[in-house]
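Only one structure is covered here, and it is reproduced in the block below.
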Amino acid sequence: MPAKNFLSSETKQTLQQALKDHEHPDIRQRALIFLLLNSGNTQAQTAELIGCSLRKVAYWSIHGDPDRLDSFKDDRMKGNYRKATEEYIDLLLETIEVEPEKYGYEFGRWTTARLAIYLKEKTGIELSSTQVRRILKSKKYVYLWAKYSLKDKQDAVERGLFKDKLAEYLKIEKESPNLLQVWFWDESGFSLRVIRRKNWCKKGTRSKKRGERRKGRINVMGGVRYSDKKRWVDFIPSGNSANFYAVLKNFYADLISDWISQGNSAENFEDKGCKFVIILDNASFHKKAETLQKIASEMPNLIIEFLPKYSPDYNLVELVWHSAKEYVANRLFESIEKLESLLNKLLNEGGLIMKWNRKIKNKGNAS
């Protein structure tokens, strides 16, 4: 047994630091062995205090050098033989970011099997698809559905001009909410059809769910006010110019009612009332000249602004539709009336709790 206090003060301090900070538990244990031996404990006492075998303490007291922490490492810490070189991994990470078509392949996406074949041709190193998957996983890659992009169809100049105009509208709304309001407007549809989802079940079995594929669809049209995120939604048979005009007419009537409820006269609404910017997409029935003329003539307080082409990511109401569809996706409705009743509670009565900081999924490239 070594004499008590056989370690120098510097070595003792180094071992104490390793015991606190070293990432590997085996290194910390071996540092503790020497510190306990240095305190005058026998090998048996040290083994009992640590909770390891006497053989382990005896081995490391002989083969370990307390002045060199590297001597505490064994062959297991070196890891298994790695077939993939650093060059292989670098090429893998480079390849995964490039579309396969650029390398002359007809397929549109990389699988780990295809990556393994391609990298074997380039490096001569043959790995299985599972090995390639492990490498990618260790580099924080995951296999997810790609997001569709509209960037190649968008006009960057048009989007920039619209963004500046929108910023000006929002600035006026913030400073003078009694003079201007900004509403994001659109239509959407909700199906009564049951959507089958994955769920947990015992291995080798599959749980059964009601699978009636009921026909039925509810179409809605409406908007969300930017300042306070108030929603206004109406139910329509289908999306066309006649229904677009009718819904705006109902919306305009509600605006006048709000104006009157504040103690104002309906006759003064056109001249003294707030102006309402309606931002919507470029659906053909939104831009029908006859409908737009009727809106301008009969609803003069509305200002119609169209989004840039292929820019649904600028339409805030898309987030409302997306969140509502998430809410109803896994529910089974007995009738179209019950679906409509729930949607009315969600969209018009404040029942839908929104997370406004979420991005609009698969809706272009907002910046």
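None of the values given here were measured: they were computed from a predicted structure.
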Search all heavy atoms of [X] against all heavy atoms of [Y] and return the closest pair with its distance.
X: A324; Y: L347; answer: CB-CD2, 4.1 Å
X: L127; Y: A84; answer: CD1-CB, 3.9 Å
X: G108; Y: E99; answer: O-OE1, 3.6 Å
X: G350; Y: R231; answer: CA-NH2, 3.9 Å
X: V157; Y: D155; answer: N-OD1, 3.0 Å
X: C274; Y: P177; answer: SG-O, 3.9 Å

* To do: Evaluate side chain to side chain contact (heavy atoms under 4.5 Å, CB included) for E121 paired with I117, printing each intermediate quantity in order.
  => CA-CA 6 Å; E121 294 174 356; I117 293 171; 4.0 Å; yes
Testing the 3.5 Å rule here: is there a donor-acceptor pair between the side chains of [X] and [Y]?
X: D271; Y: N268; result: no
X: N240; Y: S238; result: yes
X: Y245; Y: E298; result: yes

* **From L49, L36, T46, residue fulfilling side chain to side chain contact (heavy atoms under 4.5 Å, CB included) relative to V57** =>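 Exactly one option meets the side chain to side chain contact (heavy atoms under 4.5 Å, CB included) with V57, and it is T46.
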* Among Y169, F184, W185, whose side chain to side chain contact (heavy atoms under 4.5 Å, CB included) with V277 holds? -> Y169
Enter the distance from [X]:[atom1] to [Y]:[atom2] here, rounded to the nearest 0.5 Å.
X: S265; Y: I256; atom1: OG; atom2: CD1; result: 10.5 Å
X: Q43; Y: R55; atom1: CD; atom2: CZ; result: 13.5 Å
X: L248; Y: H286; atom1: CG; atom2: NE2; result: 8.0 Å
X: S138; Y: I89; atom1: OG; atom2: CD1; result: 6.5 Å
X: K163; Y: L161; atom1: NZ; atom2: CG; result: 12.5 Å
X: Y327; Y: L346; atom1: OH; atom2: CG; result: 6.0 Å

In terms of hydrophobic clustering (I, L, V, M, F, W, Y; side-chain heavy atoms under 4.5 Å; direct or indirect links), are [X] and [Y] co-clustered?
X: W183; Y: L316; result: no
X: L343; Y: V224; result: yes
X: F251; Y: I260; result: yes
X: V247; Y: I295; result: yes
X: L7; Y: I33; result: yes

Between [Y] and [X], is there a side-chain heavy-atom distance shorter than 4.5 Å?
X: V233; Y: V320; result: no
X: Y88; Y: V132; result: yes
X: D70; Y: K73; result: yes
X: R109; Y: Y143; result: yes
X: P300; Y: Y252; result: yes
X: L179; Y: K275; result: no
X: M299; Y: K249; result: yes
X: F72; Y: H22; result: no

Any donor-acceptor N/O pair, [X] side chain to [Y] backbone, under 3.5 Å:
X: N219; Y: G189; answer: no
X: N301; Y: F269; answer: yes
X: N315; Y: L280; answer: no
X: H322; Y: E318; answer: no
X: E173; Y: V182; answer: yes
X: W110; Y: V98; answer: yes
X: N38; Y: F6; answer: yes
X: S257; Y: A253; answer: yes
X: T95; Y: L91; answer: yes
X: T291; Y: K287; answer: no

* Should the pair R114 and F107 be classed as cation-pi, given the thresholds of under 6.0 Å to the six-membered ring centre and 45° from the axis? -> yes
* Asked: Does NZ or CZ of K229 fall inside the cone over Y226's six-membered ring, less than 6.0 Å from its centre and within 45° of the axis?
  -> yes
Counting only heavy atoms from other residues, nucleotides and ligands, does the tally under 6.0 Å from [atom1] of [X] exceed 12?
X: E48; atom1: CD; value: no
X: E290; atom1: CD; value: no
X: K165; atom1: NZ; value: no

* To do: Please determine if K56 and D26 form a salt bridge, counting it only when a charged side-chain N lies under 4.0 Å from a carboxylate O.
  => no
* Given the rule in the side chain to side chain contact (heavy atoms under 4.5 Å, CB included) test, do S341 and K345 qualify, once you have shown the distances and angles that lead to the verdict? -> CA-CA 6 Å; S341 175; K345 289 180 181 178; 4.3 Å; yes
* Given the rule in the salt bridge (Lys or Arg N to Asp or Glu O under 4.0 Å) test, do K151 and D313 qualify, once you have shown the distances and angles that lead to the verdict? -> CA-CA 11 Å; K151 194 170 183 179; D313 52 312; over 6 Å; no
* Please walk me through it: do L15 and L69 pass side chain to side chain contact (heavy atoms under 4.5 Å, CB included)? -> CA-CA 8 Å; L15 292 176; L69 287 181; 3.9 Å; yes
* **I279 and F162: CA distance, side-chain angles, deciding distance, side chain to side chain contact (heavy atoms under 4.5 Å, CB included) verdict** => CA-CA 11 Å; I279 296 175; F162 175 82; 3.9 Å; yes
